[in-house]
Amino acid sequence: MKPKYFVSACVAAVFFGLFFSAVPVLATQTHGQPEGLYVHQFGHLFFLFSMGVLEFWLRSRNLTLEPGWLYIQFAAVLLLLWNMDAFLVHFLDEQTALLHIEKIDPWHIRITPLGEYTSIAVLYYLGKMDHLLCVPAMFCLLLGLKRLAKDMVKANQDTDTP
Amino acid sequence: MIVSYLPILLVDLIGSILMIILSFLCLRFLFELRKTDPNNLIWTFLMWLGLALACFAVSRSAGHLLKNILILSGHRSIWQTIRPFSGGINTITFIAAGSITLFFEGIWNTYQLILKDRKELRITHDKLLYLNENLEKRIDERTRALAVSEYKYRQIFEVSKDMIIVAGKDGRILNLNPSGCHMLGLDSVQEIADKRYVQEFLSDKKGWAAMMSTIETNGFIYSDEYVLQTSDGISQRALFSVSPAKGAIEEEDEVYILVKNIEKRRLMEAQIAQADKLASIGELSSGVAHEINNPLGIILGYSQLLLRNEGKDSPLYQDLKTIEKQVKNCKTIVEDLLRFARTSPARKEKSDIHQLIEDVLGFLQHHFNPDKIKIIKNYDKKIAPMLLDEKRIKQVIMNLAMNARHAVGDSGTIEIATRADPYRGKVSITLRDTGYGIEKKHLSRIFDPFFTTKPTGEGTGLGLSVSYGIIQNHGGTISVESTPGKGSTFEIELPLNG
């Protein structure tokens with residue numbers, strides 16, 4: 001199957017999965033507290049998907065051969081990773097049975113994983129520092145745009161030069 | 001597991017501040033890109049994406065900073081109030097950023113199409129500009145080429161020695177070249193404006209219909225012979241080649257006609273046939289004359305021998321005299337025949353042609369009544385003495401002069417003219433009379449031996465034959481033109497240097 005059709009099929013599968021798995025509702029549904037979190041998490045998944053698609057398109061159009069677009073591709077990948085990280089941290093935040101987080105004082109926290117899964121605690125701790133992904137992503141985007149602007153000015157100068 | 005919160009706090013605070021700074025720096029370059037090329041769809045797209053990301057970065061970072069400040073300052077309850085708004089705005093901003101991102105492919109494809117169209121437009125524009133700039137020059141070139149071409153084909157039309165007619169299918173002459181005017185006896189091309197038709201100039205009035213029928217059947221006519229009747233009433237044989245016009249729409253009902261006058265060629269062919277015929281007759285005559293000459297000589301000899309023994313009063317004497325006379329007549333005829341057949345070589349010597357003519361006219365002056373028969377002499381004094389057999393040339397001139405005298409009857413004009421043509425190396429002697437002329441049916445036979453239109457006993461019909469033979473023997477030609485009722489013209493052409 002071609003990548004383009006594969007992506008379309010995935011989108012359709014997600015849409016119809018969500019559509020048909022919805023529970024029957026009355027005319028006006030009451031939105032409880034978890035819905036906000038779900039929407040936020042779906043938002044992260046959607047953003048993740050968008051960045052994945054962007055990265056795929058940039059590569060398939062060979063735009064990544066140009067330095068400006070290559071940096072933008074890096075930004076897309078980093079934002080994709082950031083979304084994965086944010087989704088995971090939000091998920092773990094809500095898994096009180098799996099992971100208990102407690103603030104001892106303003107400068108320390110206690111992370112208590114279920115049983116011996118200390119790696120989850122480490123993963124959570126590192127995941128909380130998500131700016132380590134999104135800041136480089138924005139930096140790459142900045143570099144990409146800067147390079148595109150520079151190339152554009154150069155191209156205009158070449159065009160103007162007889 | 002107890003861990004320090006400080007790294008998380010520091011990364012969060014510094015990261016949030018950096019996110020805001022970086023997002024604004026991104027916007028700066030996006031504005032710069034947009035400013036460089038406001039019509040670039042990709043930059044517009046990136047502008048919207050950058051704005052969405054900036055909103056997301058500002059919203060999220062501001063939320064994080066506010067959260068940390070409020071919590072550290074002991075206002076957790078306030079943060080709990082603000083938190084849902086901050087989280088909601090965050091969600092909206094990155095969903096917006098994600099949504100805008102998904103338009104990338106469509107935007108890119110559209111932009112590529114725009115670029116392609118723009119490129120084609122530019123090429124077309126350049127071409128149009130080039131055409132526009134060079135239009136005048138190209139028009140000039142084409143006009144010049146057209147003028148040259150038109151001149152060339154007009155020249156062919158004008159200088160062609162054959163008649164070229166452009167005619168409608170009804171036969172109306174639409175255009176005619178100068179040769180055509182001359183051939184048809186028209187004064188000018190202007191005359192065809194008076195609705196002249198090809199049919200008018202054809203002897204066979206059904207000829208045009210036959211031509212059109214052939215064109216319908218075969219698509220063309222190639223070298224069909226028709227007789228042209230000029231406006232002066234002269235008939236001329238001509239070859240017609242006709243083709244229907246092909247090309248411009250308005251020419252569909254036209255035909256192009258090429259007419260080659262073959263009258264001269266036909267006359268020449270007739271002359272050649274005549275010469276061949278006379279040569280054959282000459283050969284035959286020569287053979288017969290040789291065979292008859294000897295018996296005649298014997299008969300004459302014996303007659304004269306018998307005459308010696310007979311007295312003048314003897315009845316046999318008169319009979320023998322009659323035999324002698326008739327045998328002499330026969331010998332004269334035989335000699336003429338031999339002269340016609342050119343068996344004996346000419347004895348040429350330098351002679352003044354005018355002197356020869358004068359000698360003949362002097363001899364014949366008793367036969368002409370000077371009051372009623374006018375003799376015009378038109379001599380070309382530049383003619384130098386020529387190599388001629390005087391006796392025989394005199395005989396030719398005498399034959400022609402006597403014929404002219406006979407033709408004019410009691411009154412009329414006889415003109416004798418000479419003319420030198422140094423370019424052709426010829427001298428022509430023309431003898432023109434205003435007599436009754438020669439009928440067309442006789443023209444082809446007048447040089448035949450024994451052909452005469454005179455009553456029986458007045459001529460042997462050998463005069464012109466002998467003249468023909470003599471002139472041929474001199475390497476010249478003799479020809480005749482005659483219009484019945486108006487007179488005849490005999491023209492002798494002799495080589496200038498014998």
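Side chains included, hydrogens not; waters and symmetry mates left out as well; all remaining heavy atoms used. These numbers come from a predicted model, not from an experiment. Order of the sequence lines sets the chain letters (A, B, ...), proteins ahead of strands, with each chain counted from 1.
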Within residues 106-142 of chain B, which residues come under 4.5 Å of chain A, heavy atom to heavy atom? B/Trp108, B/Asn109

Crowding at CZ, A/Phe139 (>12 non-hydrogen neighbours, <6.0 Å): no

Can any side-chain N or O of A/Tyr125 pair as donor or acceptor with the backbone N or O of B/Ile8 at less than 3.5 Å? no

Quick one: which of B/Phe104, B/Phe94, B/Tyr5 has the most heavy-atom pairs under 4.5 Å with chain A, could you say? B/Phe94

More than 12 foreign heavy atoms under 6.0 Å from NZ of B/Lys35: is that the case here? no

If the condition is ring pair (Phe, Tyr, Trp, His ring centres under 6.0 Å), which residues does A/Phe56 pass it with, not counting sequence neighbours? none

Is any side-chain heavy atom of A/Ile111 closer than 4.5 Å to a side-chain heavy atom of B/Val3? yes

Using a heavy-atom distance cut-off of less than 4.5 Å, which residues of residues 25-33 of chain B contact chain A? B/Leu25, B/Cys26, B/Phe29, B/Leu30, B/Glu32, B/Leu33

Specify which of B/Asn40, B/Asp37, B/Leu46 makes the most heavy-atom pairs with chain A at under 4.5 Å. B/Leu46

Which bit of B/Leu13 comes within less than 4.5 Å of chain A, counting heavy atoms only: side chain, backbone, both or neither? neither

What part of B/Leu102 lies closer than 4.5 angstrom to a heavy atom of chain A: side chain, backbone, both or neither? both

Reported CG-to-CE distance for the pair B/Leu10 and A/Met129, which is rounded to 0.5 angstrom: 10.5 Å

Of all the residues in residues 47-63 of chain B, which have a heavy atom that comes within less than 4.5 Å of a heavy atom in chain A? B/Leu53, B/Phe56, B/Arg60

Could you give me the CA-CA distance, side-chain angles and deciding distance for B/Asn90 and A/His40, then say whether side chain to side chain donor-acceptor pair (under 3.5 Å) is met? CA-CA 8 Å; B/Asn90 281 349; A/His40 192 79; 5.8 Å; no

Tell me, side chain or backbone of B/Ile14 under 4.5 Å from chain A's heavy atoms, or both, or neither? neither

Taking side chain as everything from C-beta outward and backbone as N, CA, C, O, which of these in B/Ile21 sits under 4.5 Å from a heavy atom of chain A? Side chain, backbone, both or neither. neither

Region of B/Pro7 in contact with chain A, defined by heavy-atom distances below 4.5 Å: both

